[in-house]
There are 2 protein chains.
Amino acid sequence: MLNTKITGILNGMRQKNLDSIIALKPENISYVTDFKPSSFSVLILKDEPILFTSKLDIEDASEVSSVQVEAFISMDDIKKKLSGIVGIESSMTVGTHKKLLNNFKTEITDVIEISRIIKSKEEVENIKAALQIAESSIMEVEFSGTENEVAAQLEYNMRVRGSSKPSFETIVASGKRSSIPHAQVTTKPLESPVVIDWGAVYNNYSSDTTRTIVETEKQEEIFQIVLEAQEQAIKSIKPGVKASYVDKVARDVITEYGYGDSYIHSTGHGLGIEVHEEPSLSTKSEDILKNGMVVTVEPGIYLEGEFGVRTEDVVLIDNGAKVLTKIKKKLSF
Amino acid sequence: MLNTKITGILNGMRQKNLDSIIALKPENISYVTDFKPSSFSVLILKDEPILFTSKLDIEDASEVSSVQVEAFISMDDIKKKLSGIVGIESSMTVGTHKKLLNNFKTEITDVIEISRIIKSKEEVENIKAALQIAESSIMEVEFSGTENEVAAQLEYNMRVRGSSKPSFETIVASGKRSSIPHAQVTTKPLESPVVIDWGAVYNNYSSDTTRTIVETEKQEEIFQIVLEAQEQAIKSIKPGVKASYVDKVARDVITEYGYGDSYIHSTGHGLGIEVHEEPSLSTKSEDILKNGMVVTVEPGIYLEGEFGVRTEDVVLIDNGAKVLTKIKKKLSF
C-alpha cells in the first residue's frame, strides 16, 4: 500500500508524462520514505518505489522506510530499474547525471518539492516541536562572555532537548558585526546589539527564529521599525495573496522610515525539512500563498559600520496567519 | 598579483583548453579566495578572477577575499564574463546549469578539487588545530547519561574552543546501535560499547576522529583486531603506494580473523576543507598516495544485532605516514 504522499507524487509524475522519478536529495528521500540517508542513496519512484541505500544505512533504513529498501551495489542496478523519460531533481549534479543518466531521456522536475510546500498536520507538529526546543533553549542562555560561548550554550541546550543538530549555522552577531546578516560567530566579547538567529531540528523538521537584543536609543528606534514591518507583513498574509506582496508590505514600512536601502534581503522563505524551501517571500517571487504553507517573516535593517536588527517568526498559513513562534519579541541581557 | 594557488589552477585550466572556470561550491570558493560564502556566490577564474557574492556576504567577502569581489545582481552579469569553453564543477546542479549555461559549451572539470588534494603547510596546520580542539574537547566529556547528552557536551566543548561547527553530524552510538556505522544520536542511555565519531572545524578545515569505548571481553577482542588492522594500514602508507592497497592491508587483517564480511565500508578518505574529499582509500580507488595528502584510516567491525567497533586517525603523507591524531586509542568511561 502506497501512502497518500507517494500516490500524489506519482500522479504529478504521470501528468508530466514521466515514466519514473529519481531522487537523490536526502531531504526529498526523507520526505517520501521517512528515512533520512547518511550517505549516497537513490529513491526510484514508479508503481513500485524502491530505495537503494549503502550498507552503512541499510539497517536503519529497513526499520524506518515506508518503501522497499535494497542495498546499493552499483549504478548499473539503478539503470536497470529506469526506462522511458526519467524525472530528475534540479539539485542533481551534472557529475551524477553524466555517470548515471547519460543514456536516458531526462527532464528536470520538482514534483517532490512541490508536494512538500503544503504541510500536513504531522509536519506542522514537527516544526512546532522544533520551535519549542529552540525557544526553551534560548530562555536558559546566559548572555555574557563571547559570541561563541553564547552559541555553545544555545546549541548545547537544543541538543539535550532532542534536537539532532542546529538547523543552520547559528548566528550570534554582536556590536558592529550585527550589520552582517549572515555573520559568522567570532570569539569576540558580546557588545550591543546582539542578533541571534538559530534553529533546532526535530524529526528532520527545522525551526528558524531571530531575536535582537537592543540597548541604545538608536537601536531601540530601529528595533521598533523592524517590528512594525514584521507586524504589517504578518497581517497581510492569507491564502491567495502573492508572496511578493508580503515582501512589499514589510519593505514599504522600512522605506517609509528612510531605511529601504538598508533592507538587503528578502522577507521570508518556506520552512520544513529544509530550512530554506519554497515559497519565497521576495520582490521577484511568483508564488501565491496557500493554506498549509509554513513561512518565515524576517525583516531587518543593516546599518553598515554601525549595527543591524532583525526579527524573525514562523507563520503557518491557515486562512489568516497563525504565528507558530511563541517566544517574546524582546529578549534582554 | 595572483597567489600560487590560483596560478596553479589557471595552468590546469589552460592545459585542458578551457577559457574560464566557474565555481559555485562554497568549499572550492573558500579554497581559492579564503572567503567561505554563506549564500549563493559565483567565482569566475580567468586571467582576472572575480567573486560574485550576494549583498548578505559582500561586507565580509570584501574584507577577506584574495580576489576581486563584486555584488551579484543577476545571472546576466555572470554570463557576460564568460566566453568559449567553460569549465564547470561536477557538483554543479543540473538546475543551475540550465539557468546559467544553456548557451555555453561546458566541460566538467575538477581542477580545483585536484589542487586541493595536496595540502600546504598552512592547511596542515589548520587541520592540526581542528584536531587539537576535537581532542581536548573529548577529554572533558563525562561519559554518562544519554547519547545526546554526551554529544551535547562534546559539541559545547568544541564550540567554546573556537570550532565553528561540528565537521559532520556527531556520532555517539552505544550498545547495539554501535553496529550501525552512521547511527544517528538517540536519547537512549549509554550502554557499552560507545562509538564516538566527531570532528571540529577550524579556519574552514575539518578534523575527523573515531574512538570506541569497550567493556566486555568480546568487545575488547574485536577492538584489538580493529587496532591491528589500523596499525598495519598506517604502516603501509607512503608516497607511490596505491590507495586501494592501504584498504587491502586493513581488510586482510580483519578477514584473517574471520570478520571480513563485517567490515562494510572503505578504509579512509581525504580530509581538508571538506570532511570527505579525495583520495579514497577503498577497494576500487585508483588514487596513488603522494606527499602532502591528508587521509583518515578508519577500519571497523560491525556485528549486526550485537555491537560495532571503529578506530579512526588522521594521517599526513610525509615520506612515510605521520599520524596527526594525538589522543590515545583507548578511552574509558
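In the text below, chain A, chain B and the rest are named by the order of the sequence lines, each starting its count at 1. As the structure is a computational prediction, the values presented were derived from the model and not from experiment.
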More than 12 heavy atoms from other groups under 6.0 Å of CG on B:Asp261: no

Using non-hydrogen atoms only, which part of B:Lys36 is less than 4.5 Å away from chain A: side chain, backbone, both, or neither? neither

Is there side-chain contact between B:Glu59 and A:Ser179, with at least one heavy-atom pair below 4.5 Å? yes

Taking side chain as everything from C-beta outward and backbone as N, CA, C, O, which of these in A:Gln153 sits under 4.5 Å from a heavy atom of chain B? Side chain, backbone, both or neither. both

Quick one: which of A:Leu56, A:Thr106, A:Ile264 has the most heavy-atom pairs under 4.5 Å with chain B, could you say? A:Leu56

Sort A:Ile108 into side chain, backbone, both or neither according to what part of it lies under 4.5 angstrom from a heavy atom of chain B. side chain

Counting heavy-atom pairs under 4.5 Å with chain A, the top scorer among B:Thr96, B:Ile88, B:Val185, B:Asp60 is B:Asp60

Heavy atoms from other residues, nucleotides or ligands near OH of A:Tyr202 exceed 12 (cutoff 6.0 Å): no

Per the side-chain hydrogen bond (donor to acceptor under 3.5 Å, both in side chains) rule, which among A:Gln184, A:Glu169, A:His182 passes with B:Ser38? A:His182

In terms of heavy-atom proximity below 4.5 Å to chain B, should A:Lys55 be classed as side chain, backbone, both, or neither? both

Is the shortest side-chain heavy-atom distance between B:Glu155 and A:Glu155 below 4.5 Å? no

Where on A:Ile58 is there a heavy atom nearer than 4.5 Å to chain B: the side chain, the backbone, both, or neither? neither

If you count heavy-atom pairs under 4.5 Å with chain B, which of A:Ser39, A:Gly95, A:Ser164 comes out on top? A:Gly95

Is A:Lys99 close to chain B through its backbone or its side chain, or both, or neither, when contacts mean heavy atoms under 4.5 Å? neither

In terms of heavy-atom pairs under 4.5 Å with chain A, the winner among B:Pro166, B:Ala183, B:Ser90 is B:Ser90

Considering only heavy atoms, which portion of A:Val94 lies under 4.5 Å from any heavy atom of chain B: side chain, backbone, both, or neither? both

With respect to chain A, which residue among B:Asn157, B:Thr146, B:Val160 yields the maximal number of heavy-atom pairs within a distance under 4.5 Å? B:Val160

Looking at A:Thr186, A:Ile180, A:Thr170, which has the largest count of heavy-atom pairs under 4.5 Å with chain B? A:Ile180

What are the two closest heavy atoms between A:Asn148 and B:Arg159, and how far apart are they? ND2-O, 3.0 Å

